[in-house]
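A short write-up of the structure that comes next.
First listed ligand is number 1; within each ligand, the first listed atom is number 1. Residue numbers start at 1 and run along the sequence shown. In this text the structure is predicted, and so the values were computed from the model without any measurement.
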Amino acid sequence: MASIKAIKGTQDVLPSESHKIQYIEKTALEVAALYGYREERTPVFEYTELFQRSVGDTTDIVQKEMYTFEDKGGRSITLRPEGTAGAVRLLLEHALYNEGLPQKVAYLTSCYRYEKPQAGRLREFHQFGIECFGAQDALADAEIISLADRFFKKLGVKDLALQINSIGCPECRKAYHSALKQHFESNKEQLCGTCHGRLETNPMRILDCKSPVCGEIAKDAPRTIDYLCDECKEHFENLQKHLTAMGIDFTVNTSIVRGLDYYTKTVFEFVSNSIGAQGTVCGGGRYDGLVEQMGGTHIPSLGFGLGIERLILLMEAQNCYFPEPPKCDVYIACIGENSFNESVKYVNNLRENGIAAQFDLTKRSLKAQMKYADKIGAKYVVVIGDDEIATDSGKLKNMETGEQTPIKLSALADEYVKIAK
Ligand code: ATP
Ligand code: MG
């Protein structure tokens with residue numbers, strides 16, 4: 001019988017690779033904390049309605065990409081396709097806003113989307129996300145962009161272009177939507193089936209359509225920034241001023257609209273050319289109406305989602321540094337039955353003192369033990385037999401230099417610290 005393989009579009013993290021994710025996650029939370037963001041965790045599944053109402057019924061995510069199923073109690077459940085909806089639910093359910101505004105939260109989560117798997121596009125992927133609830137001013141927009149920028153810099157990532165745009169508020173959206181409709185109406189016959197429907201329900205979604213024909217028609221569509229009301233215009237200008245003052249390079253890309261319905265005013269992406277077609281590593285923006293739309297009060301908010309797998313692709317392409325996980329400090333190689341039993345004491349003593357220690361659990365030959373010690377990259381090896389145990393003495397061998405230092409077995413941890421420092 002053929003063995004079972006992982007599901008298409010999912011990725012295993014091998015033991016030899018996990019330190020990369022650990023390093024990225026640790027750095028993410030450290031940088032987030034510098035800006036006052038605290039980690040939160042939400043369940044991997046939620047009621048389907050949460051995503052329908054927040055992400056939007058007419059988006060690709062809700063229409064095509066969600067992993068939705070009925071549970072045994074007949075409820076419609078969906079695996080989280082993105083992080084903002086759950087964060088808003090948590091904010092409201094636990095009345096986080098009572099702890100003062102703005103509330104700044106960060107998360108590291110898996111997301112699930114039924115998309116065509118390819119490089120940088122998975123069905124299970126991971127995001128570092130942040131949300132800032134209760135900040136209206138463009139200072140907040142600049143601050144979350146600065147957080148992402150600092151995170152990338154701390155990891156040593158280069159050549160990421162920050163692109164920003166403003167898609168306005170519901171007020172400016174009215175005039176913009178009718179201009180858009182007019183533009184697409186005249187090319188209606190060429191639009192794909194989905195976009196036909198979008199023309200009535202949500203013409204802005206056509207701008208995000210992946211079909212080449214729709215993309216071509218969208219090219220000379222009216223631009224959101226030409227329809228901004230005074231308030232949105234000023235907000236966008238202020239954001240640019242703040243970014244310039246912070247020394248963060250950006251370009252205005254008027255074609256960014258983002259794939260979710262809840263965005264207002266600022267939208268932005270960090271884009272790379274080094275990882276192929278799926279070059280957007282981080283995407284985010286402002287969503288002033290979402291909390292209210294989800295049953296809360298008016299709490300203007302914003303955030304971003306950053307794809308961990310795409311970030312790793314980018315860091316690997318740029319040969320970025322990943323700290324190596326600690327190797328085995330001391331490997332105890334045993335000769336004879338008794339020494340295996342005695343070694344339990346020695347490794348315990350080492351581990352109690354924070355020194356990574358191992359010995360052979362399978363009672364193999366000395367030769368096989370030495371081979372294994374080499375394989376796991378042990379820094380030091382001490383060989384223990386009946387003689388060594390009887391005389392409380394041994395030699396700690398530096399595996400890199402071959403140098404051997406006599407030691408007292410009963411003081412192995414202290415001896416190691418002296419020699420290895
Ligand atoms: P795209 O245009 O690439 O489909 P998106 O607009 O759907 O991206 P968001 O919903 O904003 O993406 O998600 C934020 C980030 O999460 C993206 O910038 C990307 O880095 C990552 N991401 C999104 N979808 C996937 C996926 N299917 N596989 C891997 N990473 C993803
Ligand atoms: Mg997408």
Among Cys209, Ser211, Pro203, find the residue that satisfies the side chain to side chain contact (heavy atoms under 4.5 Å, CB included) test when tested with Cys195.
Cys209
Report the part of Glu269 (side chain from C-beta onward, or backbone N, CA, C, O) that has a heavy atom under 4.0 Å from ligand 1; answer both or neither where that applies.
neither
Can you tell if the side chain of Arg75 reaches within under 4.5 Å of the side chain of Thr48, non-hydrogen atoms only?
no
Taking the ring of Phe359 and the ring of Tyr331, is the distance between their centroids below 6.0 Å?
no
Quick one: does Glu82 get a heavy atom under 4.0 Å from ligand 1?
no
From Arg113, Glu115, Gln11 - option closest to atom 5 (P) of ligand 1 by heavy atom:
Arg113
Would you say ligand 1 has an N or O under 3.5 Å from any N or O of Gly305?
no
Is it the side chain, the backbone, both or neither of Glu309 that has a heavy atom closer than 4.0 Å to ligand 1?
neither
Nearest-contact summary for atom 6 (O) of ligand 1 - protein heavy atom, Å:
Arg258 NH1, 3.6 Å
Contact partition for Leu311 relative to ligand 1, non-hydrogen atoms under 4.0 Å
neither
Would you say Thr251 and Asn253 are linked by a side-chain donor-acceptor pair, where the criterion is simply a distance under 3.5 Å?
no
Atom 22 (N) of ligand 1 - nearest protein heavy atom and its distance:
Phe125 CE1, 3.4 Å
Residues passing the side-chain contact (heavy atoms from CB on, under 4.5 Å) test with Lys154, sequence neighbours excluded, are Thr27, Glu30, Val31
For atom 2 (O) of ligand 1, closest protein heavy-atom neighbour
Lys210 NZ, 4.0 Å
Looking only at non-hydrogen atoms, the one of Arg121, Gln278, Glu65 nearest atom 1 (P) of ligand 1 is Arg121
In the protein, which heavy atom is nearest to atom 28 (N) of ligand 1, and how far is it?
Leu122 N, 2.8 Å
for atom 17 (C) of ligand 1, nearest protein heavy atom and its distance come out as Thr280 O, 3.8 Å
Donor-acceptor pair between Ser274 and Asp159 side chains, under 3.5 angstrom:
no
Just so I know, are the side chains of Arg53 and Met294 near enough to count as touching, which here means a heavy-atom distance under 4.5 Å?
yes
Show me which atoms of ligand 1 lie under 4.0 Å from any heavy atom of Val281.
18 (O), 20 (O)
Close side-chain approach of Ser301 and Phe133, heavy atoms under 4.5 Å
yes
What is the nearest protein non-hydrogen atom to atom 13 (O) of ligand 1, stated with its residue, atom name and distance?
Gln127 NE2, 3.2 Å
Distance flag, aromatic centroids of Phe250 and Phe268, threshold under 6.0 Å
no
Sub-3.5 Å N/O-N/O distance, Gly307 and ligand 1:
yes
Whether Arg198 and Asp60 form a salt bridge (side-chain N of Lys/Arg under 4.0 Å from carboxylate O of Asp/Glu) is what I want to check.
yes
Short N or O distance, Ile61 and ligand 1, threshold 3.5 Å exclusive:
no
Here the side-chain hydrogen bond (donor to acceptor under 3.5 Å, both in side chains) pairs for residues 122-141, sequence neighbours left out, are Thr84-Glu131, Tyr107-Glu131, Tyr112-Glu124, His126-Glu309, Glu131-Tyr287, Gln136-Asp288, Asp141-Thr266, Asp141-Arg286
Residue and atom name of the nearest protein heavy atom (relative to atom 8 (O) of ligand 1), distance in Å to one decimal
Arg310 NH1, 4.5 Å
